[in-house]
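All heavy atoms count here, side chains included; hydrogens, waters and symmetry mates do not. Protein chains get the first letters and strands the later ones, always in sequence-line order, with residue 1 at the start of each.
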Number of protein chains: 2
Amino acid sequence: MSCKVGRMVGRPRSEDARRAILRAALRLCERDGYPNVTLKGIAEEAGTGRQTLYRWWRTKAEVLLEAMTDLVADRLAPPPEDLEEFLRDTFALTDGVAGQVVAGLMAEAQSDEALAARLRAELIGPRRAALRQVILDGGPPPGADPELLVDMVFGSMWYRLLNRHAPVDAALARDITALLGRIS
Amino acid sequence: MSCKVGRMVGRPRSEDARRAILRAALRLCERDGYPNVTLKGIAEEAGTGRQTLYRWWRTKAEVLLEAMTDLVADRLAPPPEDLEEFLRDTFALTDGVAGQVVAGLMAEAQSDEALAARLRAELIGPRRAALRQVILDGGPPPGADPELLVDMVFGSMWYRLLNRHAPVDAALARDITALLGRIS
DNA sequence: ACTTTACAGGACACCGTGTCTCGTTTTATC
DNA sequence: GATAAAACGAGACACGGTGTCCTGTAAAGT
(Lines give C-alpha, C1' and ligand atoms only; values in the text may rest on other atoms or scores of the structure.)
Protein backbone atom coordinates (compact mmCIF):
# COMPACT_ATOMS: atom_id res chain seq x y z
CA MET A 1 0.00 0.00 0.00
CA SER A 2 2.48 2.64 1.17
CA CYS A 3 5.70 2.93 -0.75
CA LYS A 4 8.47 1.37 1.27
CA VAL A 5 11.36 1.93 -1.12
CA GLY A 6 12.86 5.14 -2.41
CA ARG A 7 13.64 8.28 -0.51
CA MET A 8 10.89 9.21 1.89
CA VAL A 9 10.80 12.95 2.21
CA GLY A 10 8.59 14.82 4.61
CA ARG A 11 6.99 13.66 7.81
CA PRO A 12 6.47 9.89 7.83
CA ARG A 13 3.12 8.30 8.45
CA SER A 14 2.26 8.07 12.13
CA GLU A 15 2.02 4.45 13.24
CA ASP A 16 0.39 5.68 16.43
CA ALA A 17 -2.44 7.29 14.48
CA ARG A 18 -2.90 4.14 12.39
CA ARG A 19 -3.17 1.88 15.42
CA ALA A 20 -5.41 4.33 17.26
CA ILE A 21 -7.77 4.41 14.28
CA LEU A 22 -7.96 0.64 13.88
CA ARG A 23 -8.54 0.12 17.58
CA ALA A 24 -11.14 2.90 17.69
CA ALA A 25 -12.97 1.33 14.74
CA LEU A 26 -13.17 -2.07 16.44
CA ARG A 27 -14.15 -0.49 19.74
CA LEU A 28 -17.00 1.43 18.09
CA CYS A 29 -18.13 -1.72 16.29
CA GLU A 30 -18.38 -3.46 19.61
CA ARG A 31 -20.20 -0.56 21.27
CA ASP A 32 -22.57 0.63 18.51
CA GLY A 33 -22.64 -2.23 16.01
CA TYR A 34 -20.99 -2.21 12.60
CA PRO A 35 -23.67 -0.30 10.67
CA ASN A 36 -23.72 2.58 13.15
CA VAL A 37 -20.00 3.19 12.84
CA THR A 38 -19.10 6.30 10.83
CA LEU A 39 -15.80 7.71 9.67
CA LYS A 40 -16.55 10.89 11.58
CA GLY A 41 -17.11 8.85 14.73
CA ILE A 42 -13.91 6.86 14.25
CA ALA A 43 -11.89 10.06 13.87
CA GLU A 44 -13.36 11.53 17.04
CA GLU A 45 -12.92 8.28 19.00
CA ALA A 46 -9.32 7.95 17.85
CA GLY A 47 -8.57 11.63 18.51
CA THR A 48 -7.42 12.14 14.95
CA GLY A 49 -8.29 14.52 12.14
CA ARG A 50 -10.70 13.35 9.48
CA GLN A 51 -8.27 14.14 6.72
CA THR A 52 -5.88 11.60 8.21
CA LEU A 53 -8.54 8.93 7.79
CA TYR A 54 -9.35 9.89 4.21
CA ARG A 55 -5.66 10.03 3.35
CA TRP A 56 -5.17 6.31 4.00
CA TRP A 57 -8.60 4.75 3.63
CA ARG A 58 -11.55 5.44 1.34
CA THR A 59 -14.34 4.05 3.49
CA LYS A 60 -15.02 2.66 6.93
CA ALA A 61 -15.11 -0.79 5.34
CA GLU A 62 -11.47 -0.46 4.31
CA VAL A 63 -10.55 0.57 7.83
CA LEU A 64 -12.29 -2.47 9.29
CA LEU A 65 -10.94 -4.81 6.62
CA GLU A 66 -7.42 -3.80 7.66
CA ALA A 67 -8.35 -4.18 11.30
CA MET A 68 -9.67 -7.67 10.58
CA THR A 69 -6.66 -8.87 8.60
CA ASP A 70 -4.41 -7.71 11.44
CA LEU A 71 -6.64 -9.48 13.93
CA VAL A 72 -6.86 -12.73 11.93
CA ALA A 73 -3.12 -12.81 11.34
CA ASP A 74 -2.59 -12.62 15.09
CA ARG A 75 -4.96 -15.42 16.00
CA LEU A 76 -4.55 -17.88 13.15
CA ALA A 77 -0.90 -18.80 12.96
CA PRO A 78 -0.68 -22.63 12.71
CA PRO A 79 -2.99 -24.36 10.25
CA PRO A 80 -3.85 -27.76 11.77
CA GLU A 81 -4.09 -30.86 9.60
CA ASP A 82 -7.29 -32.19 11.10
CA LEU A 83 -10.41 -30.94 9.30
CA GLU A 84 -12.61 -30.69 12.37
CA GLU A 85 -9.96 -28.79 14.27
CA PHE A 86 -9.42 -26.47 11.33
CA LEU A 87 -13.11 -25.69 11.16
CA ARG A 88 -13.33 -25.22 14.93
CA ASP A 89 -10.49 -22.69 14.80
CA THR A 90 -12.04 -20.86 11.86
CA PHE A 91 -15.51 -20.80 13.38
CA ALA A 92 -14.13 -19.61 16.72
CA LEU A 93 -12.95 -16.47 14.93
CA THR A 94 -16.53 -15.52 14.19
CA ASP A 95 -17.35 -15.14 17.87
CA GLY A 96 -17.74 -11.65 19.27
CA VAL A 97 -16.93 -8.56 17.25
CA ALA A 98 -15.14 -10.32 14.44
CA GLY A 99 -18.25 -12.16 13.30
CA GLN A 100 -20.23 -8.95 13.22
CA VAL A 101 -17.45 -7.18 11.35
CA VAL A 102 -17.03 -9.78 8.62
CA ALA A 103 -20.80 -9.90 8.15
CA GLY A 104 -20.80 -6.12 7.86
CA LEU A 105 -17.91 -6.23 5.39
CA MET A 106 -19.67 -8.81 3.23
CA ALA A 107 -22.80 -6.67 3.34
CA GLU A 108 -20.94 -3.55 2.33
CA ALA A 109 -19.12 -5.44 -0.42
CA GLN A 110 -22.51 -5.78 -2.14
CA SER A 111 -22.37 -2.06 -2.91
CA ASP A 112 -18.60 -1.61 -3.35
CA GLU A 113 -16.88 -3.76 -5.97
CA ALA A 114 -13.39 -2.59 -4.96
CA LEU A 115 -14.05 -3.69 -1.39
CA ALA A 116 -15.47 -6.99 -2.64
CA ALA A 117 -12.25 -7.66 -4.56
CA ARG A 118 -10.06 -6.91 -1.55
CA LEU A 119 -12.29 -8.98 0.71
CA ARG A 120 -11.92 -11.96 -1.60
CA ALA A 121 -8.18 -11.46 -2.01
CA GLU A 122 -7.20 -10.76 1.59
CA LEU A 123 -9.67 -12.61 3.79
CA ILE A 124 -11.88 -15.10 1.99
CA GLY A 125 -9.45 -16.36 -0.64
CA PRO A 126 -6.71 -17.37 1.81
CA ARG A 127 -9.22 -19.17 4.03
CA ARG A 128 -10.62 -21.00 1.01
CA ALA A 129 -7.14 -22.07 -0.05
CA ALA A 130 -6.37 -23.31 3.45
CA LEU A 131 -9.56 -25.35 3.67
CA ARG A 132 -8.92 -26.76 0.22
CA GLN A 133 -5.48 -27.91 1.34
CA VAL A 134 -6.81 -29.54 4.50
CA ILE A 135 -9.44 -31.39 2.48
CA LEU A 136 -6.90 -32.60 -0.09
CA ASP A 137 -4.46 -33.68 2.62
CA GLY A 138 -7.14 -35.61 4.48
CA GLY A 139 -7.95 -38.03 1.70
CA PRO A 140 -10.70 -36.30 -0.26
CA PRO A 141 -13.78 -38.05 -1.63
CA PRO A 142 -12.49 -39.40 -4.97
CA GLY A 143 -14.76 -37.92 -7.62
CA ALA A 144 -15.91 -34.81 -5.80
CA ASP A 145 -14.82 -31.36 -6.92
CA PRO A 146 -12.85 -29.79 -4.03
CA GLU A 147 -14.12 -26.33 -4.94
CA LEU A 148 -17.71 -27.47 -4.52
CA LEU A 149 -16.88 -28.97 -1.13
CA VAL A 150 -15.29 -25.68 -0.07
CA ASP A 151 -18.37 -23.82 -1.28
CA MET A 152 -20.68 -26.03 0.74
CA VAL A 153 -18.58 -25.99 3.92
CA PHE A 154 -17.84 -22.27 4.06
CA GLY A 155 -21.20 -21.61 2.42
CA SER A 156 -23.00 -23.02 5.43
CA MET A 157 -20.79 -20.93 7.68
CA TRP A 158 -21.55 -17.68 5.86
CA TYR A 159 -25.21 -18.60 5.52
CA ARG A 160 -25.54 -19.01 9.28
CA LEU A 161 -23.40 -15.96 9.93
CA LEU A 162 -25.55 -13.72 7.77
CA ASN A 163 -28.99 -15.24 8.18
CA ARG A 164 -28.46 -16.07 11.86
CA HIS A 165 -30.81 -19.03 11.93
CA ALA A 166 -28.23 -21.22 13.71
CA PRO A 167 -24.89 -20.71 15.48
CA VAL A 168 -21.47 -21.12 13.90
CA ASP A 169 -19.86 -23.25 16.58
CA ALA A 170 -17.97 -26.44 17.37
CA ALA A 171 -21.10 -28.53 16.80
CA LEU A 172 -21.26 -27.32 13.21
CA ALA A 173 -17.59 -28.19 12.75
CA ARG A 174 -18.27 -31.69 14.09
CA ASP A 175 -21.38 -32.29 11.98
CA ILE A 176 -19.78 -31.05 8.76
CA THR A 177 -16.73 -33.23 9.32
CA ALA A 178 -18.92 -36.28 9.96
CA LEU A 179 -20.98 -35.62 6.84
CA LEU A 180 -17.97 -35.16 4.58
CA GLY A 181 -16.53 -38.40 5.90
CA ARG A 182 -19.52 -40.29 4.58
CA ILE A 183 -19.23 -39.31 0.93
CA SER A 184 -18.43 -42.46 -0.99
CA MET B 1 -50.34 -5.80 7.43
CA SER B 2 -53.30 -3.60 6.62
CA CYS B 3 -56.50 -4.27 8.56
CA LYS B 4 -58.89 -6.10 6.31
CA VAL B 5 -61.81 -6.46 8.72
CA GLY B 6 -63.87 -3.84 10.46
CA ARG B 7 -65.33 -0.72 9.04
CA MET B 8 -62.96 1.13 6.74
CA VAL B 9 -63.66 4.79 6.94
CA GLY B 10 -61.97 7.43 4.86
CA ARG B 11 -60.29 7.12 1.49
CA PRO B 12 -59.03 3.59 0.87
CA ARG B 13 -55.43 2.82 0.07
CA SER B 14 -54.63 3.27 -3.60
CA GLU B 15 -53.66 -0.01 -5.21
CA ASP B 16 -52.37 1.97 -8.18
CA ALA B 17 -49.89 3.82 -5.99
CA ARG B 18 -48.75 0.56 -4.36
CA ARG B 19 -48.08 -1.13 -7.69
CA ALA B 20 -46.44 1.97 -9.14
CA ILE B 21 -44.08 2.12 -6.16
CA LEU B 22 -43.10 -1.56 -6.31
CA ARG B 23 -42.52 -1.40 -10.06
CA ALA B 24 -40.53 1.83 -9.74
CA ALA B 25 -38.35 0.27 -7.04
CA LEU B 26 -37.50 -2.74 -9.21
CA ARG B 27 -36.93 -0.51 -12.24
CA LEU B 28 -34.51 1.69 -10.32
CA CYS B 29 -32.71 -1.38 -8.98
CA GLU B 30 -32.19 -2.53 -12.53
CA ARG B 31 -31.04 0.88 -13.72
CA ASP B 32 -28.90 2.11 -10.81
CA GLY B 33 -28.19 -1.01 -8.75
CA TYR B 34 -29.73 -1.80 -5.38
CA PRO B 35 -27.43 0.32 -3.17
CA ASN B 36 -28.05 3.47 -5.22
CA VAL B 37 -31.81 3.25 -4.84
CA THR B 38 -33.28 5.77 -2.41
CA LEU B 39 -36.78 6.32 -1.07
CA LYS B 40 -36.73 9.79 -2.49
CA GLY B 41 -35.85 8.40 -5.89
CA ILE B 42 -38.57 5.74 -5.74
CA ALA B 43 -41.19 8.37 -4.91
CA GLU B 44 -40.12 10.55 -7.82
CA GLU B 45 -39.94 7.62 -10.25
CA ALA B 46 -43.36 6.37 -9.16
CA GLY B 47 -44.85 9.86 -9.28
CA THR B 48 -45.99 9.62 -5.70
CA GLY B 49 -45.58 11.72 -2.58
CA ARG B 50 -42.90 10.70 -0.10
CA GLN B 51 -45.39 10.58 2.73
CA THR B 52 -47.26 7.83 0.89
CA LEU B 53 -44.10 5.74 0.93
CA TYR B 54 -43.42 6.32 4.60
CA ARG B 55 -47.02 5.57 5.47
CA TRP B 56 -46.78 1.97 4.26
CA TRP B 57 -43.07 1.09 4.42
CA ARG B 58 -40.30 2.02 6.80
CA THR B 59 -37.31 1.58 4.49
CA LYS B 60 -36.45 0.87 0.89
CA ALA B 61 -35.62 -2.68 1.96
CA GLU B 62 -39.23 -3.27 3.01
CA VAL B 63 -40.42 -1.96 -0.34
CA LEU B 64 -38.12 -4.31 -2.21
CA LEU B 65 -38.90 -7.25 0.08
CA GLU B 66 -42.56 -6.85 -0.82
CA ALA B 67 -41.68 -6.50 -4.48
CA MET B 68 -39.64 -9.71 -4.26
CA THR B 69 -42.29 -11.79 -2.51
CA ASP B 70 -44.79 -10.71 -5.17
CA LEU B 71 -42.30 -11.62 -7.86
CA VAL B 72 -41.36 -14.98 -6.36
CA ALA B 73 -45.00 -15.94 -5.84
CA ASP B 74 -45.62 -15.33 -9.53
CA ARG B 75 -42.71 -17.39 -10.78
CA LEU B 76 -42.55 -20.27 -8.32
CA ALA B 77 -45.93 -21.94 -8.29
CA PRO B 78 -45.37 -25.71 -8.63
CA PRO B 79 -42.67 -27.29 -6.43
CA PRO B 80 -41.19 -30.17 -8.40
CA GLU B 81 -40.28 -33.44 -6.72
CA ASP B 82 -36.88 -33.85 -8.36
CA LEU B 83 -34.07 -32.26 -6.36
CA GLU B 84 -32.03 -31.13 -9.33
CA GLU B 85 -35.04 -29.56 -10.97
CA PHE B 86 -36.01 -27.86 -7.73
CA LEU B 87 -32.54 -26.37 -7.42
CA ARG B 88 -32.49 -25.32 -11.07
CA ASP B 89 -35.78 -23.47 -10.61
CA THR B 90 -34.60 -21.81 -7.42
CA PHE B 91 -31.24 -20.82 -8.86
CA ALA B 92 -32.89 -19.45 -12.01
CA LEU B 93 -34.65 -16.92 -9.81
CA THR B 94 -31.31 -15.37 -8.90
CA ASP B 95 -30.67 -14.31 -12.47
CA GLY B 96 -31.08 -10.67 -13.35
CA VAL B 97 -32.46 -8.12 -10.92
CA ALA B 98 -33.80 -10.60 -8.41
CA GLY B 99 -30.34 -11.89 -7.52
CA GLN B 100 -29.07 -8.39 -6.95
CA VAL B 101 -32.12 -7.51 -4.88
CA VAL B 102 -31.95 -10.53 -2.56
CA ALA B 103 -28.23 -9.94 -2.06
CA GLY B 104 -28.99 -6.33 -1.23
CA LEU B 105 -31.75 -7.36 1.16
CA MET B 106 -29.47 -9.81 2.94
CA ALA B 107 -26.85 -7.09 3.18
CA GLU B 108 -29.30 -4.59 4.60
CA ALA B 109 -30.65 -7.19 7.04
CA GLN B 110 -27.24 -7.06 8.71
CA SER B 111 -28.13 -3.61 10.02
CA ASP B 112 -31.90 -4.02 10.48
CA GLU B 113 -33.08 -6.81 12.74
CA ALA B 114 -36.75 -6.26 11.87
CA LEU B 115 -35.95 -6.67 8.19
CA ALA B 116 -33.86 -9.76 8.96
CA ALA B 117 -36.82 -11.35 10.72
CA ARG B 118 -39.20 -10.65 7.84
CA LEU B 119 -36.62 -11.86 5.32
CA ARG B 120 -36.32 -15.15 7.19
CA ALA B 121 -40.07 -15.50 7.62
CA GLU B 122 -41.25 -14.49 4.16
CA LEU B 123 -38.50 -15.44 1.74
CA ILE B 124 -35.80 -17.68 3.17
CA GLY B 125 -37.85 -19.78 5.57
CA PRO B 126 -40.36 -20.97 2.96
CA ARG B 127 -37.59 -21.86 0.54
CA ARG B 128 -35.77 -23.79 3.28
CA ALA B 129 -38.95 -25.69 4.13
CA ALA B 130 -39.51 -26.54 0.48
CA LEU B 131 -35.95 -27.83 0.02
CA ARG B 132 -36.24 -29.84 3.21
CA GLN B 133 -39.39 -31.47 1.90
CA VAL B 134 -37.81 -32.32 -1.44
CA ILE B 135 -34.82 -33.88 0.33
CA LEU B 136 -37.02 -35.92 2.66
CA ASP B 137 -39.23 -37.07 -0.20
CA GLY B 138 -36.28 -38.14 -2.30
CA GLY B 139 -34.95 -40.71 0.14
CA PRO B 140 -32.55 -38.77 2.36
CA PRO B 141 -29.16 -40.03 3.49
CA PRO B 142 -30.10 -42.05 6.59
CA GLY B 143 -28.16 -40.55 9.46
CA ALA B 144 -27.69 -37.05 8.11
CA ASP B 145 -29.44 -34.07 9.69
CA PRO B 146 -31.71 -32.57 7.03
CA GLU B 147 -31.17 -29.10 8.46
CA LEU B 148 -27.43 -29.40 7.92
CA LEU B 149 -27.99 -30.52 4.34
CA VAL B 150 -30.24 -27.52 3.74
CA ASP B 151 -27.58 -25.25 5.25
CA MET B 152 -24.91 -26.63 2.96
CA VAL B 153 -27.02 -26.55 -0.22
CA PHE B 154 -28.50 -23.09 0.17
CA GLY B 155 -25.34 -21.99 1.94
CA SER B 156 -23.32 -22.56 -1.21
CA MET B 157 -25.95 -20.66 -3.18
CA TRP B 158 -25.85 -17.63 -0.89
CA TYR B 159 -22.07 -17.83 -0.63
CA ARG B 160 -21.73 -17.60 -4.41
CA LEU B 161 -24.45 -15.00 -4.65
CA LEU B 162 -22.78 -12.69 -2.16
CA ASN B 163 -19.09 -13.41 -2.73
CA ARG B 164 -19.51 -13.78 -6.49
CA HIS B 165 -16.59 -16.18 -6.95
CA ALA B 166 -18.70 -18.56 -9.07
CA PRO B 167 -22.09 -18.50 -10.79
CA VAL B 168 -25.33 -19.82 -9.34
CA ASP B 169 -26.52 -21.84 -12.32
CA ALA B 170 -27.72 -25.20 -13.58
CA ALA B 171 -24.22 -26.67 -13.27
CA LEU B 172 -24.25 -25.98 -9.54
CA ALA B 173 -27.67 -27.62 -9.26
CA ARG B 174 -26.30 -30.69 -11.07
CA ASP B 175 -23.10 -30.94 -9.02
CA ILE B 176 -24.87 -30.52 -5.70
CA THR B 177 -27.42 -33.17 -6.59
CA ALA B 178 -24.67 -35.58 -7.64
CA LEU B 179 -22.74 -34.98 -4.43
CA LEU B 180 -25.74 -35.47 -2.18
CA GLY B 181 -26.53 -38.70 -3.96
CA ARG B 182 -23.19 -40.11 -2.89
CA ILE B 183 -23.62 -39.75 0.84
CA SER B 184 -23.73 -43.24 2.29
C1' DA C 1 -73.15 17.89 4.41
C1' DC C 2 -69.63 16.02 7.38
C1' DT C 3 -65.97 13.14 8.94
C1' DT C 4 -62.12 10.37 8.02
C1' DT C 5 -58.28 8.86 5.67
C1' DA C 6 -55.13 8.75 1.66
C1' DC C 7 -53.15 11.35 -1.79
C1' DA C 8 -49.31 14.67 -4.35
C1' DG C 9 -46.19 18.18 -3.43
C1' DG C 10 -43.12 20.69 -1.01
C1' DA C 11 -40.50 22.73 3.22
C1' DC C 12 -37.56 21.68 6.95
C1' DA C 13 -33.79 20.22 10.30
C1' DC C 14 -30.60 16.54 10.93
C1' DC C 15 -26.52 13.85 9.98
C1' DG C 16 -22.71 11.55 7.49
C1' DT C 17 -19.85 12.31 3.45
C1' DG C 18 -16.09 13.99 1.03
C1' DT C 19 -13.27 18.09 0.00
C1' DC C 20 -10.99 22.03 1.37
C1' DT C 21 -8.18 25.27 4.19
C1' DC C 22 -5.52 26.54 8.20
C1' DG C 23 -1.61 26.45 11.17
C1' DT C 24 1.55 22.86 13.24
C1' DT C 25 4.70 19.20 13.63
C1' DT C 26 8.10 15.80 12.12
C1' DT C 27 11.33 14.12 8.99
C1' DA C 28 15.17 14.26 5.28
C1' DT C 29 18.28 17.16 2.70
C1' DC C 30 21.39 20.99 2.02
C1' DG D 1 20.75 25.54 11.58
C1' DA D 2 17.77 26.58 7.50
C1' DT D 3 14.66 24.71 4.07
C1' DA D 4 11.47 21.70 1.64
C1' DA D 5 8.14 18.07 1.90
C1' DA D 6 4.65 15.53 3.76
C1' DA D 7 1.62 14.17 7.63
C1' DC D 8 -0.77 15.85 11.44
C1' DG D 9 -5.21 17.87 14.43
C1' DA D 10 -8.98 20.85 13.85
C1' DG D 11 -12.59 22.72 11.70
C1' DA D 12 -15.55 24.94 7.74
C1' DC D 13 -18.30 23.91 3.77
C1' DA D 14 -21.61 22.17 0.14
C1' DC D 15 -24.05 18.08 -1.03
C1' DG D 16 -27.52 14.53 -0.68
C1' DG D 17 -30.65 11.19 1.66
C1' DT D 18 -33.54 10.77 5.76
C1' DG D 19 -37.52 11.29 8.33
C1' DT D 20 -41.07 14.58 9.88
C1' DC D 21 -44.30 18.11 9.17
C1' DC D 22 -47.58 21.02 6.64
C1' DT D 23 -50.74 22.31 2.84
C1' DG D 24 -54.50 21.67 -0.09
C1' DT D 25 -57.10 18.10 -2.59
C1' DA D 26 -59.47 13.62 -3.57
C1' DA D 27 -62.19 9.56 -2.37
C1' DA D 28 -64.64 6.80 0.61
C1' DG D 29 -68.36 5.94 4.66
C1' DT D 30 -72.00 7.98 7.84
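Among the heavy atoms of the strands lying under 4.0 Å from B:Gly47 are primed sugar atoms or P, OP1, OP2 only; no base atom is included.
Each of B:Gly49 and A:Lys60 has a nearest nucleotide on DNA chain C; the 5'-most of these lies closest to B:Gly49. With the nearest nucleotide of DNA chain D identified for both B:Gly10 and B:Arg58, B:Arg58 has the one nearer the 5' end.
Applying the 4.0 Å criterion to OP1 and OP2 of C:dA28, one finds that A:Arg11 has every side-chain N and O outside that range. The shortest distance between the side-chain N/O atoms of A:Trp56 and the OP1/OP2 oxygens of D:dC8 is below 4.0 Å. When the side-chain nitrogen and oxygen atoms of B:Thr52 are compared with OP1 and OP2 of C:dA6, none of them lie within a distance under 4.0 Å. The side chain of A:Ser14 places no N or O atom within less than 4.0 Å of a non-bridging phosphate oxygen (OP1 or OP2) of D:dA7.
The CH2-P distance, from A:Trp57 to C:dG16, rounds to 20 Å in whole Å. Atom CZ in A:Arg50 sits roughly 19 Å away from atom P in D:dA7 (whole-Å rounding). The distance between atom CD1 of A:Ile42 and atom C1' of C:dC15, rounded to the nearest whole Å, is 16 Å. Rounded to whole Å, the distance from CG on B:Asp16 to P on C:dC7 is 10 Å. Rounded to an integer number of Å, the gap from NZ of A:Lys40 to P of D:dG9 is 17 Å. For the pair A:Glu44 CD and C:dG16 C1', the computed distance is 11 Å after rounding to whole Å. At whole-Å resolution of the value, CD1 in A:Ile21 and C1' in D:dG9 are 11 Å apart. One atom, CZ of A:Arg19, and another, P of D:dA7, lie 18 Å apart when rounded to the nearest Å.
The number of heavy-atom neighbours closer than 6.0 Å to CZ of A:Arg120, taken from other residues, nucleotides and ligands shown, is above 12.
The listed nucleotides are C:dG9, D:dA10, D:dT18; the one nearest the side chain of B:Gln51 is C:dG9. The side chain of B:Val9 approaches C:dT5 more closely than any other nucleotide in the set C:dT5, D:dA10, D:dT18. When distances run from any side-chain atom of B:Thr38 to the nucleotides C:dC7, D:dT18, D:dA28, the shortest one goes to D:dT18.
With contacts defined as side-chain heavy-atom distances shorter than 4.5 Å, the pair B:Asp151/A:His165 qualifies. In this structure, A:Pro80 and A:Asp89 have side chains that are in contact, with non-hydrogen atoms separated by less than 4.5 Å. Using a 4.5 Å heavy-atom threshold, the side chains of B:Thr90 and B:Phe154 count as touching.
Test A:Ile176, A:Val134, A:Asp137, A:Val153 against A:Leu83 for side-chain contact (heavy atoms from CB on, under 4.5 Å) and you get one pass: A:Val134.
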